[in-house]
Amino acid sequence: MTRRVLIRATGSARPGQLAGLGRALANSGARLLDINQSVTFGIVSLEALVGLEREADLEGALSAAGDELGLDVQAIQVSAEDYHRWSLQAGQPRLIMTLLAPHLPAGILAEVGALTAEQGLTVELIHRLSGREPLDGEVPEHGACIECWLRGDDVEIETLREKALALGAAHGIDIALQEDSIWRRHRRLVCFDMDSTLIQTEVIDELARRHGVFEEVAEVTERAMRGELDFQQSFRERMAKLRGLDESVLAEIAEQLPLMDGVERLMRHLKRLGYRTAILSGGFTYFAEYLQQRLGFDEVHANELVIENGKVTGEVREPIVDAERKAQLLHEIAEREGLAMEQTIAVGDGANDLKMLAAAGLGIAFRAKPVVRQQARQSISTLGLDGVLYLIGYRQVDLEERG
């Protein structure tokens with residue numbers, strides 16, 4: 001009859017410890033069933049589940065090896081019931097909870113622990129994705145981020161997401177929740193909204209200011225927000241107020257577009273990691289193409305201004321890029337590139353991005369209004385756009401090693 005034993009070893013990490021414990025297990029005739037090892041702050045923690053078919057002084061062999069290797073070693077008998085329970089837990093779905101903020105308060109751990117326990121979730125692993133914080137108390141350059149691996153059965157994901165969103169808002173941090181799957185590290189396409197996502201402004205507002213019709217355009221926008229106009233109606237009405245704007249103003253505004261913080265770092269790494277990137281914008285191709293040249297996007301899809309005799313006519317060429325068109329374009333690009341929708345990421349801030357965010361494998365509301373954050377599956381409000389890298393699962397140290 002097989003006897004199952006859980007081996008736990010901890011101590012200051014040094015070379016040769018795994019080899020020494022491995023020899024002790026082999027000499028005792030143990031069969032390796034499972035193993036996990038990590039080193040945190042110079043302390044090694046190793047757990048191995050082994051099976052024994054014959055009687056052997058495993059505990060004595062491990063104790064002697066531990067003394068030689070500077071490890072505290074325990075051997076714990078595992079009952080058949082415990083082994084069966086662990087096997088069932090390993091087959092339960094895994095969730096990834098990501099906590100992001102300029103600084104993460106220590107107290108958040110207690111509340112996250114209470115929330116996950118309330119939902120019947122076990123915290124399997126917590127690890128840091130961000131770099132180490134400076135000892136002088138300064139805010140880390142790319143913020144703070146930890147990732148928690150959760151496992152449980154019959155979890156109400158939407159309920160958990162709502163409570164996590166409320167908890168994060170109360171503490172000024174972002175808490176994102178996503179299901180773990182084979183696709184998480186195999187996303188290949190990232191599509192972005194432009195205005196207030198890639199840049200810190202709404203281009204149509206800048207055009208209206210330069211043309212002296214900002215208040216009129218803002219009034220149309222307000223009517224649309226009240227539900228009196230749909231997107232296409234409001235867009236056409238706002239565009240009509242730009243009739244006669246000199247084309248030279250477009251170039252002046254393009255040169256002064258304020259980039260969203262973190263976008264240059266994000267794009268640099270996405271390109272190096274082999275992602276295809278696209279702008280899907282309800283704004284204008286003139287500015288999207290400017291960003292394409294500056295930041296290296298693979299393709300852009302936006303509204304094309306009609307210009308005649310050096311003047312904006314107040315019209316755009318069909319089709320207008322609205323919420324439905326953005327979601328359609330996301331599907332079309334994925335299909336053309338031979339990608340599953342689970343391999344796509346979409347990032348945006350507005351209500352007209354929600355259909356695109358819902359269609360993507362990973363939809364991220366970035367610095368969005370509360371109604372958009374509530375409907376999107378993930379959101380980032382406390383860090384720059386490069387916080388997207390954390391949600392994909394990249395560690396800062398990995399990115400730094402790539403330059």
Side-chain angles (χ1 to χ4, degrees), residues 10 36 38-45 47 89 92-153 155-180 184 261-262 362 364-399:
T10 60
N36 182 66
S38 63
V39 177
T40 306
F41 307 119
I43 302 298
V44 63
S45 175
E47 293 186 339
Q89 288 176 341
Q92 293 172 340
R94 176 186 286 160
L95 299 175
I96 305 294
M97 179 180 282
T98 310
L99 281 63
L100 312 93
H103 280 298
L104 289 173
I108 194 63
L109 293 178
E111 299 208 40
V112 165
L115 174 61
T116 54
E118 172 191 306
Q119 299 296 313
L121 290 163
T122 299
V123 181
E124 281 192 340
L125 176 71
I126 300 177
H127 62 168
R128 187 186 69 257
L129 299 184
S130 55
R132 299 210 181 275
E133 297 202 16
L135 295 178
D136 58 11
E138 290 293 318
V139 174
E141 183 179 4
H142 304 300
C145 177
I146 61 173
E147 185 178 86
C148 307
W149 293 8
L150 313 173
R151 204 182 287 274
D153 200 13
V155 180
E156 291 290 339
I157 295 179
E158 289 309 314
T159 299
L160 177 60
R161 182 174 285 118
E162 289 175 9
K163 292 188 174 184
L165 186 65
L167 177 60
H171 289 272
I173 69 174
D174 294 314
I175 302 180
L177 188 72
Q178 54 185 304
E179 297 179 61
D180 195 16
R184 185 167 180 253
D261 48 304
L362 178 65
I364 304 169
F366 179 74
R367 296 189 183 176
K369 291 181 172 61
V371 65
V372 179
R373 290 202 304 272
Q374 288 166 5
Q375 293 186 48
R377 283 166 293 165
Q378 286 83 30
S379 65
I380 297 175
S381 297
T382 64
L383 297 183
L385 200 59
D386 52 344
V388 168
L389 294 165
Y390 290 140
L391 292 193
I392 305 175
Y394 289 108
R395 298 186 306 157
Q396 185 176 330
V397 64
D398 296 331
L399 298 172

Would you give the length of the straight line joining atom [atom1] of [X] to atom [atom2] of [Y], rounded to the nearest 0.5 angstrom?
X      : Y      : atom1 : atom2 : result
Ile173 : Thr98  : CD1   : OG1   : 11.0 Å
Met97  : Thr116 : CE    : OG1   : 6.5 Å
Thr10  : Glu47  : OG1   : CD    : 10.0 Å
Ile364 : Ile392 : CD1   : CD1   : 6.5 Å
Cys145 : Leu391 : SG    : CG    : 7.5 Å
Thr122 : Arg151 : OG1   : CZ    : 9.5 Å

Measuring only between side-chain heavy atoms, which start at C-beta, is [X] closer than 4.5 Å to [Y]?
X      : Y      : result
Leu129 : Leu100 : no
Val112 : Val123 : no
Leu121 : Leu115 : no
Trp149 : Ile96  : yes

State which residues pass side chain to side chain contact (heavy atoms under 4.5 Å, CB included) with [X]; sequence neighbours excluded, sorted by chain then number.
X      : answer
Gln375 : Leu354, Val371
Leu165 : Gln374, Ser379
Ile43  : Ser12
Asp261 : Gln200, Arg367

Could you pull out the closest heavy-atom pair between [X] and [Y], with the gap in Å?
X      : Y      : result
Leu104 : Ala101 : CD2-CB, 3.9 Å
Ala365 : Ala376 : CB-CB, 3.6 Å
Ser130 : Tyr390 : CB-OH, 3.3 Å
Ala144 : Leu383 : O-CD1, 4.5 Å
Ala368 : Arg373 : O-NH1, 2.6 Å
Leu167 : Ile108 : CG-CD1, 4.1 Å

Legend entry - Pairwise salt bridge (charged side-chain N to carboxylate O under 4.0 Å, His left out) hits with a residue in residues 97-109, at least two apart: none
Inset, instruction - Name all pairs fulfilling the salt bridge (charged side-chain N to carboxylate O under 4.0 Å, His left out) condition that reach into residues 381-394, sequence neighbours left out, sorted by first residue then second. - result: Arg265-Asp386
Inset, instruction - Would you list the pairs meeting side-chain hydrogen bond (donor to acceptor under 3.5 Å, both in side chains) in which at least one residue belongs to residues 155-169, sequence neighbours left out? - result: Glu118-Lys163, Glu158-Arg161
Legend entry - Pair listing, side-chain hydrogen bond (donor to acceptor under 3.5 Å, both in side chains) test, anchored in residues 165-176, at least two apart: Glu111-His171, Asp174-Thr382
Legend entry - Among Gln178, Glu179, Arg377, side chain to side chain contact (heavy atoms under 4.5 Å, CB included) partner for Ile157: Glu179
Inset, instruction - With sequence neighbours left out, write down each residue that passes salt bridge (Lys or Arg N to Asp or Glu O under 4.0 Å) with Arg184, or none if nothing qualifies. - result: Glu147
Legend entry - Derivation of the side-chain contact (heavy atoms from CB on, under 4.5 Å) call for Leu160 and Leu95: CA-CA 11 Å; Leu160 177 60; Leu95 299 175; 3.9 Å; yes
